[in-house]
Structures are given as structure tokens and as C-alpha cells.
Amino acid sequence: MGLELIPISRPAPGSGGLTGTWRTLKPLVDLAKCIDCGICWLYCPEAVIDWEKGKKISIDYAYCKGCGICAHECPVKAIEMAPEET
Amino acid sequence: MLSIPASCASVVQGLGPKSGIGMPLLNVPFASAASVATGIAEAFKQLGVKGRAVVWAGDGGTADIGFAAVSAAAERNSDVLYVMYDNEAYMNTGIQRSSETPKYAWTTTTPAYAGGKKEQKKDVALIMLAHGAPYVATANIAYPQDLYRKLKRAAEIEGFKFIHLFAPCPPGWSFDPSLTVEVARKAVETGYWILWEYDDGVFKLNPPSTIYADKSKRRPLKEYLKLQGRFAHLTDEQIAELEKEIDKRWDTVLKLAKAFGK
Amino acid sequence: MRQLASLKTALTGNYAVAYAVKMAKPHVIAAYPITPQTTIVEKLSEFVAKGELRASFVNVESEFSALATVYGASMAGARAFTATSSHGLFYMYEMLWWAAGSRAPIVMAVVTRTVGPPWNIHDEHNDILAIRDSGWAVAMASSVQEAFDLTVQAFRLAEKAYIPVAVGLDGFVLSHTVETLELPPQELVDEFLPPRSPNAPMPLRPGLPLTFGNIPSDDRIHAEHLKRIYWAHQEAKKAIKEIDAEYGKLLGRSYGGLVERRWLEDAKYAVVCMGAWCGDAEAAVESLRREGVPVGLMRLRFIRPFPDEEVAELEAAEKVVVFDRDITPAGGVLGREVASVLGRDKVVDVVAGIAGVDFKASDFKAAFRKALEAEKGVVLI
Ligand SMILES: Cc1ncc(C[n+]2csc(CCOP(=O)(O)OP(=O)(O)O)c2C)c(N)n1
Ligand code: SF4
Ligand code: SF4
Ligand SMILES: [Mg+2]
């Protein structure tokens, strides 16, 4: 079938644009403090934190919206929310 | 196979044609999700397709406008897993009260200067229980492992499954987004939200709510309320009254746990 | 020559529809009781309960949910059917548009009935006419046999054009009146109506992460979608004629597509009507012709898609009298629709038989004469 009968959506990464640009605060991780518990990974509502036990975390800033949940939930305060530079 | 009625979830899935979640998804009219999912489940059954019909709906779409359809699906025991994410108001349209808005809470249709909402929150999970649904549970976004386990368990069961998921809304409840999990956790720690599960005739409390059956272990309700702007106008008497209502809710739940415990 | 014989029998209009649905082998049926529709789904639930029809029969709590249920089933690839009347149809309103906008190939019987207040269960066409702009194809039968044939044809049309189809039949006048009809053998219905594709309008099943109905990133996507529904209706006109002709070849009866014509070749006057009372209109026209009045009849089988080209054939007539068994604050619906093709000067719109008031062949004759005197505009009987 050529044309679809109805407009169907298919997921594509980042189709909503770079939502990271919405951010006013940026989560900065102090990997030295990080105890590799994965709590921030578990709670990040945007699923932009990568975590594999033993490798610690990394944040995809292209899509992190800066909500600050990770910083608030980190048990050792290894994440700090810093004002976004303009 | 997901059905989503009009709600914030119709927005957060993203804009077509390039956004979508990693699941087959039908967006459907506000009051229709339970019935649409029933139709999907019946079609799958007749066509021999292996798949689960799941609804992801807000409190308004479930407890208010869609309630007749939800009740009917439960009564028929249609093979649907229904998740009601409860942000305690109509958020998509800009914070209007729903039957799930708690007593005294501010919304745009229950102004604080008039004392907030006058009526108490409808306990939909207990109403679903009274329908005789094979699986009913409450959940809370601060406890994702508990939610994950409940979703997995529900997916194994044939018939109508209902999960009432507590989901704080930062702008709707007026708190900083970084506190989202904190607010949800405080709801459990103060006893405001009770995690329980009814499975195969057995009713039980789930941790960590289990310890809060002992009232002395609960944190003061104020710790939960003070995080949120929507309760800023409450007097100490009103807070005391709400605490009494929480005691009553616990009383019911504990009686159920006793009556239908193992 | 085919060896398969039809079964000649006598049924009410509602049972004829139920038999047609059974022979169409739907997967999912959902409905809610309302007079005069109820006996259709009662019969269908009996077929399912007795194992004569392998389908899910879903008992719902409202007509809104009936349509929502068959909508979910239809989108998931099932052949699905529902039926309703009047208040039930209006209770579905939001879902009607959603189903048409999803191109869900649902078939629904609408047993026409007045709309209250007051409570009145008798026949009138306001209910089915009110859904004409929702995106559904809307048809009306004129006999018990046609109620059967049209229902079978409706599944073919819905699944070819991806337009949901409403099959109308007059409350009581057809729904509860026993007439003789031929029930074709199942094999021929199977041949006419092959299983539907589960992949259109979209393949909806686990493992394929496709979404329908989310907010468009550009309103023009939505606009194009709406225009395509318009074009689908235009194309459906051809499909309706083809399906009707094919049905005739295979099952022995065809009706002429979107309209049925009688004595129009030499007609100076034309009568236009829709539904069961066209039988009485035809008797009146025949009697007028015997009296020497050169009058013909056009019966509308479909009002969506609207038979614009066929109605335009009446251009040659001096006067066109449209009979409406409905009333709106602007007059009759069909009168205005026909006038939109032929112009207001040529058309007289007779509003009659509303609220279920009896209207016989002799009444048609008298009303026709009154209409010719009126020359144009609306005549309320
Ligand atoms: C029939 C109908 N009435 C009203 C609306 C407008 N509407 C869209 S979403 C919504 C509120 C949804 O509330 P809820 O189900 O709690 O979900 P939330 O937005 O809070 O996530 C309303 C009133 C609609 N889409 N359909
Ligand atoms: S700030 Fe929010 S979105 Fe960004 S990584 Fe932390 S939790 Fe995720
Ligand atoms: S929550 Fe804190 S300690 Fe745990 S993984 Fe994240 S940054 Fe590291
Ligand atoms: Mg809500």
C-alpha cells in the first residue's frame, strides 16, 4: 500500500526536538562521590541517565530537562544542579 | 497494546508522525478507554493474537467521565489491565478538580479562598475490589520496583486488573519538580497513601506501607502537605481532620487485610 | 449454473439483519438495548450462545461503550458489528466521529425512531440523518429483503473503502414487520465477502510500535487526513455501484447502486424519498401515472456518500417533490440536500410522517398535489 489510510506515528529518537534546551538547571555529577547505586537512573522521568553497574552513570544532556529529581534523590549528593549558562 | 484516553498522557507521548512510545498505541475518546480495550482484547481472542489490552488513563478519564465503562469492564471481567495514574485533578485542561482531588485541596475550580475542595477523595481501588475484579492494587511512583512487580503480576492474570497509581504533578500541586519522588514517598510515609494488593482472593499490605499500619510509625501528615502549594491554606484543625480521615482509611484497609488475609 | 439454493422464508426486518450479520461472520458484536433495535442483538446473542456464530458478544453498559468496544475490535483487525436507534445513536455521538476518523470498517444497523421528548418509539428519520456529516456511509433499506442484502453489502463496502457504514431500517415498519425474503446459502455470502485484512487501516498488534491518534506536529497532517475522508466518500460512490452489481451477479438481487429509479425516463415530475415508506410512495406514483400524470420516483439508498450525480439526472424534470420523514428548524433534511443539487426553484420539500404518524399511499398522492401547488419551499403535513 502506498499512502497510509490514516496518519500513523512511529517512534524516532529525539523527534520532539532537543528538549535539553528547555533546561534552566543542569545536573552535574561528581563521579568521585558517586557510589554507583543507580537510584538516579531509576527515577529519572526522561530516561536520559545511562547506568551500568561498575561503570557509573552518564547523562544525555541533549534531552535532560533539568527537573532535578536525580540530584534530590541521590543518597550521597553526588549530583548538583547548576544554573545553565546562557 | 495500549489505549490512552484524553489526558496529559495524550500529550507526553509526543507529536505525530515521528513520536510515539515503543508500544502499539491507540488514542481514544476521554470516556472510552475501558470499552475500547475490551474490544481489542476480544478481537485478539477471536483472531488468535497473543497480546494484552492495557489502558493507561488519568483519574478524570477513569473515576469520572469513564467510570461507567470502567465499572462495566470490571463487572464483565473483561481481559484488560487498567492503570489509572492519579494526579488528583484534570491536569491536561489546567488543574480542575476531579473526584480524586483530596479534600481541601486547591484547584482552579476549588479556589483556596473558598476553602478548596469540599468533598473527599473517591477510593476507586476499593470500588474496583467490590466489583470482584481478580486483581486490584495501589502503587506509587516513588516505589518503581513495587509497581513493576504489580504490572508483571497483573499481566499474568486473565480478567480485569486494576492498578491505582499515585502520581504527583509538580505544576498541578505547586511544588518544585525535583521533589516529585519526595512528595510521592511522603504520601506513603505519612500514611496518606496505602500500598496494598488484592490477588486471587488475598488482600495484603505491601512494604513499606506494612509498617505504617502502626500509627505511631507514620510521619505527621503536615510533612506531606507542607511540600505542596495546593494545601498552603489549610488550618491546623483541618489537618487534624484529614489525619482522622486517614485513620479511617487505614481502619478499612486493615479490616480487609484481616478478613481476606492468608 | 450454481447448484446452491437460497432459502425462501419470512422474517422481520430486525431478524433479517441478524441473519445477515451472522452470515457475515463477525468476530465481535457489542450493543445496548433500545426499542426498536433490541431484537437484532437479542437474536445475535442467541446465535452466539447456541454456537451457531463464533464471535464475542460483549454486553456493555451504554451505546457509547458499544461503539467504543466494536471500535477497539475493528482497529485490532476484527470484523465488528453494533446496532442502535435514536437516543442510543445520539449517545454514541463522540465515538461516531472517532470511528470514522480512524477509518474503522464497522457496520452498524440503525433502526430509525423519533427523538424525544416526548418518549415515542415510532418511526422517523431524524436520528439517522443527524449522523450524515460524521464520516459514516449512511444507507436506508426499503424492504426486509433489502435490509438483509444491504447489511451484507455494508461489510464489503466498509472493508473496501475503510468507511464505517450505517444501515438504516425503519422502526416497526420494517424492524418488526414480517415479510418474505430469500436467505442466500452461506457459501455464496462467503464468496461475496472474504475475510477482512487485519492490517488496515493500521496493523495493530503486539511488537509493532505504531501509534494512532496522537497530536499532530503540523495541523496540515490532520487537514490532509480529513480531505482524504472526503475523497474516500467520493470514491465509495463507484464502489457502492460495483458491490451492488456484483451482489446481483452472485446472489441474484441488485438495486441500482446509490439510488433506485422508477419511471423516470419520461417523467415531468419526480418524487424523491428514502426508506420503507417508498413502497407507499411507489404505489402512489403508479396510481398517478394511471391517471396520466407523468411522474417517476427516485429512492435514495445512500445519503452518504450523497448521490449527487444521480439526483442531477432529475434536472430534466419540471418539478421534484422530496418527501422527508424528518424535520429540522430549517425544514426537511433531504429536501435541502436535493435542492443543493437542483436548486431551490425546482424542489418542493414535503415533511410528513414525522413522530411515527401513519402516511399511506393515498396521503402521498394528496401531498404530491399539494406540493405541485406550492411550487417550491417546504410543505408541512
Ligand atoms: C468528552 C470530553 N470532555 C472534555 C475533554 C477535555 N479534557 C481533555 S483531558 C481532560 C482532563 C483529563 O484529566 P485526567 O483524566 O485526570 O488526566 P490528566 O490530564 O490529569 O493526566 C479533559 C477534561 C475531552 N477531551 N473530552
Ligand atoms: S535533571 Fe531530571 S531529566 Fe535531567 S537527568 Fe536528572 S532526573 Fe533526568
Ligand atoms: S544516585 Fe547518586 S550515587 Fe547513585 S548512581 Fe546516581 S549519582 Fe551515583
Ligand atoms: Mg488527572
* To do: Show your reasoning for whether salt bridge (charged side-chain N to carboxylate O under 4.0 Å, His left out) applies to B/E88 and B/K121.
  => CA-CA 9 Å; B/E88 302 194 320; B/K121 184 178 170 74; 2.9 Å; yes

* **Side chain / backbone / both / neither for B/A31 at chain C, heavy atoms under 4.5 Å** => both

* Where on C/A55 is there a heavy atom nearer than 4.5 Å to chain B: the side chain, the backbone, both, or neither? -> backbone

* Within a strict 4.5 Å, meaning less than it, do heavy atoms of the B/V55 and B/V83 side chains meet? -> no

* Structure fact -> Minimal heavy-atom distance between B/Y90 and B/G60, with the atoms involved, is CE2-CA, 3.3 Å

* For the residue pair B/W173 and B/F166, does the interplanar ring angle fall in the parallel (under 30°), tilted (30 to 60°) or perpendicular (over 60°) class? -> tilted

* **Top contributor to chain C contacts, counting heavy-atom pairs under 4.5 Å, from B/A34, B/G66, B/G14, B/A53** => B/G14

* Structure fact -> What one should report as the nearest heavy-atom pair of C/V60 and C/A31 is CG2-O, 3.5 Å

* Asked: When you measure from the side chain of B/K117 to the backbone N and O of B/S98, does any donor-acceptor pair fall under 3.5 Å?
  -> yes

Would you list the atom pairs in which one atom of chain B and one of chain C form a donor-acceptor pair under 3.5 Å?
| unit_1 | atom_1 | unit_2 | atom_2 | d |
| --- | --- | --- | --- | --- |
| B/G14 | O | C/N214 | ND2 | 3.3 |
| B/G16 | N | C/I215 | O | 2.7 |
| B/G16 | O | C/S217 | N | 2.7 |
| B/G16 | O | C/S217 | OG | 2.7 |
| B/S19 | O | C/N214 | ND2 | 3.4 |
| B/L25 | N | C/L210 | O | 2.8 |
| B/L25 | O | C/F212 | N | 2.9 |
| B/N27 | N | C/F212 | O | 2.9 |
| B/N27 | O | C/W98 | NE1 | 3.1 |
| B/N27 | ND2 | C/F212 | O | 3.1 |
| B/S35 | O | C/T69 | OG1 | 3.3 |
| B/S35 | OG | C/S65 | OG | 2.5 |
| B/E42 | OE1 | C/S56 | OG | 2.7 |
| B/Q46 | NE2 | C/S56 | OG | 3.0 |
| B/R76 | NH1 | C/N59 | O | 3.1 |

* Side chain / backbone / both / neither for B/M23 at chain C, heavy atoms under 4.5 Å -> backbone

* Structure fact -> With B/H164 as partner, the option from B/Y198, B/W193, B/Y135 fulfilling ring pair (Phe, Tyr, Trp, His ring centres under 6.0 Å) is B/W193

* **Between B/G22, B/G51, B/P24, the one whose heavy-atom pairs under 4.5 Å with chain C are most numerous** => B/P24

* Structure fact -> Between C/A104 and C/P164 the two heavy atoms that sit nearest each other are O-CB, 3.4 Å

* Contact summary for C/G168 and C/I128, nearest pair of heavy atoms -> CA-CD1, 3.5 Å

* Select, from C/L204, C/V70, C/I215, the one with the greatest count of heavy-atom pairs under 4.5 Å involving chain B. => C/I215

* Please flag which part of B/L26 lies under 4.5 Å from any non-hydrogen atom of chain C: side chain, backbone, both or neither. => both

* Asked: Which residue out of B/A43, B/A72, B/G16 racks up the most heavy-atom pairs below 4.5 Å with chain C?
  -> B/G16

* Asked: Does the B/K161 side chain pair with the main chain of B/A155, one donor and one acceptor, at a distance under 3.5 Å?
  -> no

